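For clarity, every value in this text was computed on a predicted model and none was experimentally measured. Residue numbering restarts at 1 for every chain, and letters A, B, ... go by the order of the sequence lines.
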Amino acid sequence: MFGGNNPFYKIAKSQSFHAIAAEFDPSISLLKLLELSIETQSLKLSSQSHARAQRLGLTQHSIIAQKLIFSYCQLRRPFDGQLVFDSLLFKNTHICNTLLSGYGKNQFFQESLDLFRKMRDGSAFGVVDDFTFSVMFKIVGDLGEVLVGKMVHGRSVKNGLVLDTVAGNSLMSMYSRCGCFDDSMKVFDEMPLRNVSSWNALISGYAKVKSWDGSFCRLGLWDIVREMQHEDLKFDAFTVSTLLSLCSGGAGSGDFRDKCGHGRELHCYIIRNGLDLSSGPDGDVHLGCCLIDMYSKNGKVDVGRRVFDRMKWKNVCAWTAMINGYAQCGKFEDALFLFREMQWRDGDGPNKVSLVAILPACSSISGLMGGKQIHGFAVRRELNHDLSLCNALIDTYSKCGSLSYATQVFEHECTRKDAISWSSIICGYGLHGQGQQAVILFDKMLQNGIKPDTTVVVGVLSACSKSGLINDGLIIYDSVVTNYKIKPTVEMCACMVDMFGRSGQLDKALDFIKSMPVEPGPSSWGALLSASALHGNSEMQELAYKSLIMMEPDNSSNYISLSNLYASSKRWDVVAEVRQVMRKRGLRKLPGCSWISMNGASHSFVVADKSHPCSNLIYVMLDELVSAMKLTYYNPDFVYLMEV
DNA sequence: GTAGGGTTAG
């Protein structure tokens with residue numbers, strides 16, 4: 001009569017069912033039913049309990065009403081909870097806090113703020129307490145509105161509430177999520193009683209500080225960890241996962257030099273202390289995901305795979321973390337294999353995060369077709385309006401050669417656009433040599449009130465450079481530095497050098513390098529090098545090579561192109577010398593690889609490759625192409641390199 | 001018998 005998934009079956013099995021029946025107190029059985037509705041995520045059971053409460057005349061029972069509101073909010077129906085709330089003649093703090101938190105959990109922030117105001121102003125609503133403030137700080141942290149946060153903080157002080165630990169932790173987190181780490185530290189310093197969560201909030205705040213220069217904090221990360229241990233507090237799963245994310249080279253990981261070493265130590269800590277990587281069928285797999293991520297980002301994706309294989313329970317997050325690990329390491333075949341395996345093993349199948357993770361792998365191996373398949377999958381699952389997925393699709397389509405598909409996604413599916421969406425489409429136009437269009441889009445982005453970041457600036461500058469739009473590039477560079485206070489990065493400067501260089505203004509390019517506001521990196525000298533090679537200025541070319549090899553003595557590409565430079569002027573003695581230096585340093589150049597997709601199959605080629613079954617035909621066609629190019633564009637060096 | 005915080009695969 002009872003199926004295994006039927007909630008009544010569970011309650012019938014439990015002893016408490018008989019105990020409740022024996023007591024004949026309908027409110028207790030109702031509460032148990034409501035708890036069950038939350039546990040089994042059953043909206044039907046909640047509504048049935050609601051109806052039962054009405055039949056029994058228990059709708060004004062404060063504990064039952066509170067539990068009803070809570071269950072509706074947990075089941076993503078906060079307005080059903082509000083109906084219960086509105087019908088209450090007497091509303092205590094407890095009940096108000098429940099609805100307040102329910103609005104927050106469901107992202108109805110305005111409703112939260114309105115309710116908070118009503119509570120603050122007294123009258124028919126319960127008075128504010130520590131619970132109210134802990135909820136409000138969390139909501140303001142989600143909103144990222146520090147001014148609202150300061151007002152709520154002020155109110156908590158005015159109310160004379162001595163900060164309890166949970167509210168303090170929530171306040172700390174609110175400040176650091178709003179980018180005010182100093183204020184978060186101040187709260188931490190002034191807290192009368194701290195627990196592990198307080199330290200966790202401190203560490204995660206530390207991890208969020210983007211441009212870490214060591215001066216903002218009186219303590220280094222390891223000092224924090226050590227002080228925590230001095231207070232006899234043991235790391236819990238939260239501490240370990242936050243620290244693991246700092247072992248992956250992300251923001252704030254400045255003083256984690258031996259990142260993987262620390263990561264392994266944390267892995268040992270997890271094992272020694274019996275922390276769960278995956279605690280049950282519906283349990284937390286977060287620690288496992290963090291470990292996979294940490295190992296993959298440190299180039300040890302195989303160790304990540306071992307962690308993955310040993311996880312007792314895997315949900316879509318675990319599968320996605322592993323797929324992402326493979327994709328980031330360039331192991332695209334493995335990523336795709338796992339993606340397929342996930343679909344027949346994991347009941348839920350991939351979600352939007354999985355699709356974003358697999359897209360780079362997909363487009364690398366199977367080109368446009370792979371991207372289209374994922375896009376089709378997303379449409380069928382109604383995920384195609386998700387912002388991150390749209391951004392990834394725009395990037396994939398433009399990199400796979402279809403600017404028109406990229407534009408379609410940008411214009412019709414990407415309904416809410418952020419800086420990344422604009423950046424992806426602008427880079428796409430740049431990549432396809434349509435600089436003018438990239439500049440128009442950049443202006444449109446600014447008109448839409450999106451603040452440019454360094455990525456989009458690099459995108460538009462490189463588009464200008466490739467299309468010879470020097471004036472536009474210069475105006476954009478000056479404007480973002482002056483009007484948007486963007487500090488020029490090495491990449492931005494390299495774009496400027498490239499822009500001057502390509503147009504033949506080599507002296508201007510060199511002057512820019514000499515006067516640029518950051519230390520010129522290999523990218524700037526590399527840009528000057530290509531430009532001087534293009535315009536046949538061997539003096540400038542040698543200068544750029546010297547700087548490049550001085551800066552990157554172990555980069556084999558520099559030696560190869562230097563060797564090619566001398567080979568083009570037939571100075572074989574110098575060629576031999578360069579090759580000898582490479583041998584002495586043990587440098588080898590990994591051959592580049594090209595690939596093309598045709599009729600659903602991918603064909604890849606390296607230099608002098610004869611392994612393809614149609615190799616003879618391909619080389620005949622290649623010879624014809626070289627001859628045709630010689631006729632239309634005669635540059636001896638260029639043709640020489642083509643024939644090598 | 002009831003409400004709160006710290007991590008979260010991109």
Side-chain angles (χ1 to χ4, degrees), chain A residues 16 20 23 25 27-32 34-35 61-71 73-74 92-102 104-105 126 129-139 141 163-174 176-177 184 188 191 194-205 207-208 235-246 284-293 296 304 308 314-325 327-328 342 350-360 386-389 391-392 420:
Chain A
S16 58
I20 295 160
E23 281 190 39
D25 182 346
S27 66
I28 294 183
S29 65
L30 244 180
L31 282 174
K32 288 287 168 196
L34 281 167
E35 266 167 29
H61 187 297
S62 65
I63 295 173
I64 288 184
Q66 185 272 334
K67 201 71 166 181
L68 249 177
I69 296 170
F70 185 69
S71 78
C73 291
Q74 291 296 97
N92 64 23
T93 302
H94 209 134
I95 287 173
C96 292
N97 287 343
T98 305
L99 185 61
L100 191 71
S101 150
K105 278 183 198 145
D129 65 359
D130 284 334
F131 280 77
T132 319
F133 285 110
S134 67
V135 172
M136 279 313 294
F137 294 142
K138 166 127 174 84
I139 287 167
L163 267 182
D164 85 319
T165 309
V166 176
N169 296 344
S170 189
L171 181 59
M172 275 183 73
S173 164
M174 183 274 284
S176 61
R177 291 173 72 194
S184 176
F188 179 83
M191 272 167 74
R194 295 188 282 251
N195 61 13
V196 181
S197 302
S198 324
W199 287 89
N200 291 344
L202 183 71
I203 295 170
S204 73
K208 282 188 197 88
F235 295 173
D236 64 5
F238 284 87
T239 329
V240 176
S241 60
T242 314
L243 288 174
L244 275 174
S245 70
L246 291 170
D284 193 11
V285 295
H286 187 213
L287 266 184
C289 291
C290 287
L291 277 176
I292 295 170
D293 195 49
S296 309
F308 177 76
K314 299 179 182 79
N315 64 7
V316 60
C317 298
W319 286 91
T320 306
M322 194 64 244
I323 290 168
N324 192 46
Q328 282 185 337
M342 168 190 190
N351 63 12
K352 56 193 179 187
V353 182
S354 327
L355 300 187
V356 172
I358 197 67
L359 264 176
D386 176 73
L387 181 62
S388 306
L389 186 61
N391 293 347
I420 301 174

Among [options], which nucleotide sits nearest the side chain of [X]?
X	options	answer
A/V166	B/dA3, B/dG5, B/dG6	B/dG5
A/K138	B/dG10, B/dG4, B/dG5	B/dG5
A/D130	B/dT7, B/dA9, B/dG4	B/dG4
A/N324	B/dT2, B/dA9, B/dT7	B/dA9

Can you name the closest pair of heavy atoms from A/S101 and A/V135 and give their distance?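 Smallest heavy-atom distance, with atoms named: CA-CG1, 3.6 Å.
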Look at the side chain of [X] against the base of [N] and say whether a donor-acceptor pair falls under 3.5 Å; ignore hydrogens and angles.
X	N	value
A/N195	B/dG5	yes
A/S170	B/dG5	no
A/D386	B/dG10	yes
A/N169	B/dG5	yes
A/S388	B/dG10	yes
A/N315	B/dA9	no

When we call it a touch if two heavy atoms are under 4.0 Å apart, what does [X] touch: a base, just sugar-phosphate, or nothing?
X	result
A/N92	nothing
A/A167	base
A/S134	base
A/S27	base
A/D129	base
A/V135	sugar-phosphate

Distance check needed: [N] [atom2] versus [X] [atom1], whole Å only.
X	N	atom1	atom2	value
A/N200	B/dG4	CG	P	19 Å
A/N351	B/dT8	CG	C1'	13 Å
A/F235	B/dT7	CZ	P	16 Å

Does [N] have OP1 or OP2 under 4.0 Å away from a side-chain N or O of [X]?
X	N	result
A/K314	B/dA9	no
A/K208	B/dT7	yes
A/K352	B/dA9	no
A/S204	B/dG6	no

Measure from the ring centre of A/H94 to the centre of the six-membered ring in the base of B/dT2, then say whether that distance is under 5.5 Å and the planes meet at under 30°.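 Given the distance and angle limits, yes, they stack.
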Give me the one residue out of A/T320, A/V316, A/I358 that meets side chain to side chain contact (heavy atoms under 4.5 Å, CB included) with A/V353.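 The residue from A/T320, A/V316, A/I358 that satisfies side chain to side chain contact (heavy atoms under 4.5 Å, CB included) with A/V353 turns out to be A/T320.
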